[in-house]
Peer 1: 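First, the structure itself, so that you have it in front of you.
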Amino acid sequence: MIVCQCRVVTDRDVDAALADGARTVSAICRSTGAAQDCGSCIFSVKKLVTRHLEHECSHLEADGAAS
């Protein structure tokens, strides 16, 4: 899905930036170019980052419970 119309940034681009270590909305935007023009996509980028970090956190909690 296209997240940023201005720079044609997709959710896969955001996922790739997260996989490369970006952990903040600012870092994702710098990495992908999202929200550099009109900025209307910032909420979509924030939602994707939040979901990713929540998912990552839940995996860490599950791993910690198993040890």
Peer 1: If I take atom OG from residue Ser26 and atom NZ from residue Lys46, how far apart are they, to the nearest 0.5 angstrom?
Peer 2: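 Result: 11.0 Å between the selected atoms.
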Peer 1: Just one of Val25, Val9, Thr32 clears the side chain to side chain contact (heavy atoms under 4.5 Å, CB included) bar with Val45, so which one?
Peer 2: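 Answer after filtering Val25, Val9, Thr32: Val25.
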Peer 1: In Å and rounded to the nearest 0.5 Å, what is the NE2 to SG distance from His52 to Cys57?
Peer 2: 11.0 Å
Peer 1: Are Val8 and Val3 linked, directly or through intermediate hydrophobic residues, by side-chain heavy-atom contacts shorter than 4.5 Å (ILVMFWY only)?
Peer 2: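 Result: no, two separate clusters.
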Peer 1: Between Arg23 and Glu56, does a salt bridge (charged side-chain N to carboxylate O under 4.0 Å, His left out) hold up when you go through it step by step?
Peer 2: CA-CA 11 Å; Arg23 289 295 178 267; Glu56 192 175 73; 3.0 Å; yes
Peer 1: Distance check, rounded to the nearest 0.5 Å: Asp13 atom CG versus Ile28 atom CD1?
Peer 2: 10.0 Å
Peer 1: For the atom pair CG (Asp37) and SG (Cys4), what is the distance rounded to the nearest 0.5 Å?
Peer 2: 6.5 Å
Peer 1: So, the side chain of Ser31 versus the backbone of Ala27: is there a donor-acceptor pair under 3.5 Å, distance only?
Peer 2: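 No.
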Peer 1: Roughly how far apart are Cys29 SG and Gln36 CD, rounded to 0.5 Å?
Peer 2: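 Those atoms lie 6.0 Å apart.
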Peer 1: Determine whether Thr24 and Val49 make a side-chain contact, defined as any pair of heavy atoms from C-beta on separated by less than 4.5 Å.
Peer 2: no
Peer 1: Are Ile2 and Leu18 linked, directly or through intermediate hydrophobic residues, by side-chain heavy-atom contacts shorter than 4.5 Å (ILVMFWY only)?
Peer 2: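 Each belongs to a different hydrophobic cluster.
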Peer 1: Rounded at 0.5 Å granularity, tell me how far CD in Gln5 sits from SG in Cys38.
Peer 2: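 Gln5 atom CD to Cys38 atom SG measures 9.0 Å (nearest 0.5 Å).
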